[in-house]
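Below is one structure, written out as structure tokens; comments come after it.
Chain naming here is simple, since letters A, B, ... match the order of the sequence lines and numbering starts at 1 in each. The figures that follow rest on heavy atoms only: side chains count, while hydrogens, waters and symmetry mates do not.
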There are 2 protein chains.
Amino acid sequence: MSEEDEQPRPTRIQQKNRSVILEAALTVFSAQGFRGATIDQIAEAAGLSKPNVLYYFASKDDIYRSLLTGLLDMWLDPLRQIDPQGQPLAEVQRYVAVKLQMSRDYPRESRLFANEVLQGAPLLTEILGGQLREMVDGAASIFAGWIESGQLARVDPHHLIFSIWALTQHYADFEVQVRAVLGEGHDPYAEAGIFLAGLYDRLLKP
Amino acid sequence: MSEEDEQPRPTRIQQKNRSVILEAALTVFSAQGFRGATIDQIAEAAGLSKPNVLYYFASKDDIYRSLLTGLLDMWLDPLRQIDPQGQPLAEVQRYVAVKLQMSRDYPRESRLFANEVLQGAPLLTEILGGQLREMVDGAASIFAGWIESGQLARVDPHHLIFSIWALTQHYADFEVQVRAVLGEGHDPYAEAGIFLAGLYDRLLKP
DNA sequence: CGAAATATTGACCAACAGGTCAGGATCAGG
DNA sequence: CCTGATCCTGACCTGTTGGTCAATATTTCG
């Protein structure tokens, strides 16, 4: 029974360097896409040599996979937090606000996923059609219930969710465009917060 | 005075092959991003040999630039078509509908620009802060006028435009995600058309 | 037709990028 | 403080990719 096959717990150095590498990889992959990124860039950003990076991860692909899968749960978590018992409008507004804040605080993560999905999501297809789809269907049926009971205006729940994703992540993914068009002296996220609160208020009030 | 420095008009073959290459490049670049694309892939998609592609364009970069700049006007045209004399709500709804249709009919173009902006728009920064910004400001002040005269609800005009871009292009840029989440038996663009018409109706009616 | 202009290609090159490896440095813990 | 495990690196290998070039094929047009 005492199978000695268990993987050894990571040493302190392993733990630190793996996270340093993933942090660097997040910066590089989100800015350059998978193919655009090089191991050298990641190594440089991590302050390590290339062979040393490859000592901790088997391959570039391995880094990328670890990064994506490690971030996915955190990224989708707010969707899980929607409370069927809560006040419908407030629940949606909270979700919008949280997603917008995530775009502001974690733009690299947003761009990482955007890049991946844009390229056809070669690594996420199963998850998209599986786990994610179930989560979205779950949230959508909560919305549908609220609509049925007259607590929300009649809108397509799935597209309501898409709209929240599109509107909030837009500010991270297209940040250069937003800033270039607005010019100096703007706080895009603050303005977006007001705009989106008003939008979903008008859209969803029965 | 008869400067013979003018560039020779392109032959029929030049004209055809250049456009064949750009068409192929659009497919490849939009699916792979700039760095992910290879000249071989473009050549293959165009049905030409790699050296032959480089006979018509000086470099990979040259292909990419020609493609982007050639498409930009077409892509931004609908924004110019907003008529200050028109019926405010109808003008916005028309713009939304046109942009959504463009996402459906020209998803490659949408993804091409999305890729470029995501990576920081190294080639478009001047245009974004210059020509595009002026166009957006122009449209925004039309909207502002309509709001002032009570024909539209009070919303931030710039973010109104961003919202239209985000919502419509989302269906092209994140198409795999949308389809994966919706599953079979859906026509995302048709559903989105209904959803967005309702959204902007509720948002903008005074 | 025939010659000049244009179009096409196979072979090649240099730079780059992912990945390997043998050996040396460093560290943990008995 | 010694030894085995862990960590790190320079040098190297290989496949890919952007790009060149001389030579050949094709088109154009007088």
Let me check something: any side-chain donor-acceptor pairs from residues 122-132 of chain B under 3.5 Å, sequence neighbours excluded? List them with distances.
residue: Thr125(B); atom: OG1; partner: Ala121(B); partner atom: O; Å: 3.3

Return the value, rounded to whole Å, for the distance between atom [atom1] of [X] and atom [atom2] of [N].
X: Gln41(A); N: dC16(C); atom1: CD; atom2: P; result: 12 Å
X: Asp62(A); N: dG19(C); atom1: CG; atom2: C1'; result: 13 Å
X: Gln15(B); N: dT6(C); atom1: CD; atom2: P; result: 15 Å
X: Tyr55(A); N: dA5(D); atom1: OH; atom2: P; result: 12 Å
X: Gln14(A); N: dC27(C); atom1: CD; atom2: P; result: 15 Å
X: Phe57(B); N: dT8(C); atom1: CZ; atom2: P; result: 13 Å
X: Asn52(A); N: dG10(D); atom1: CG; atom2: P; result: 10 Å

Determine, for nucleotides 13-30 of chain D in 5'-to-3' order, which nucleotides have protein heavy atoms under 4.0 Å from the base (write B), from only the sugar-phosphate (write S), or from neither (write -). ----SBBBB---------

CD of Glu44(B): more than 12 outside heavy atoms within 6.0 angstrom? no

Geometric class of the Phe162(A)/His158(A) ring pair [parallel <30°, tilted 30-60°, perpendicular >60°]: tilted

Quick one: label Tyr56(A) by what it contacts on the DNA or RNA (base, sugar-phosphate, nothing), any heavy atom closer than 4.0 Å. sugar-phosphate

Would you say dC8(D) has OP1 or OP2 under 4.0 Å from some side-chain N or O of Asn17(A)? yes

Between Thr11(B) and dA7(C), is there a contact of a side-chain N or O with OP1 or OP2 at under 4.0 Å? yes

Cation over ring face, Lys60(B) and Phe29(B), 6.0 Å, 45°: no

Regarding Ser110(B) and Tyr171(B), is there a side-chain donor-to-acceptor distance under 3.5 Å anywhere? no

Would you say Gln119(B) and Asn115(A) are linked by a side-chain donor-acceptor pair, where the criterion is simply a distance under 3.5 Å? yes

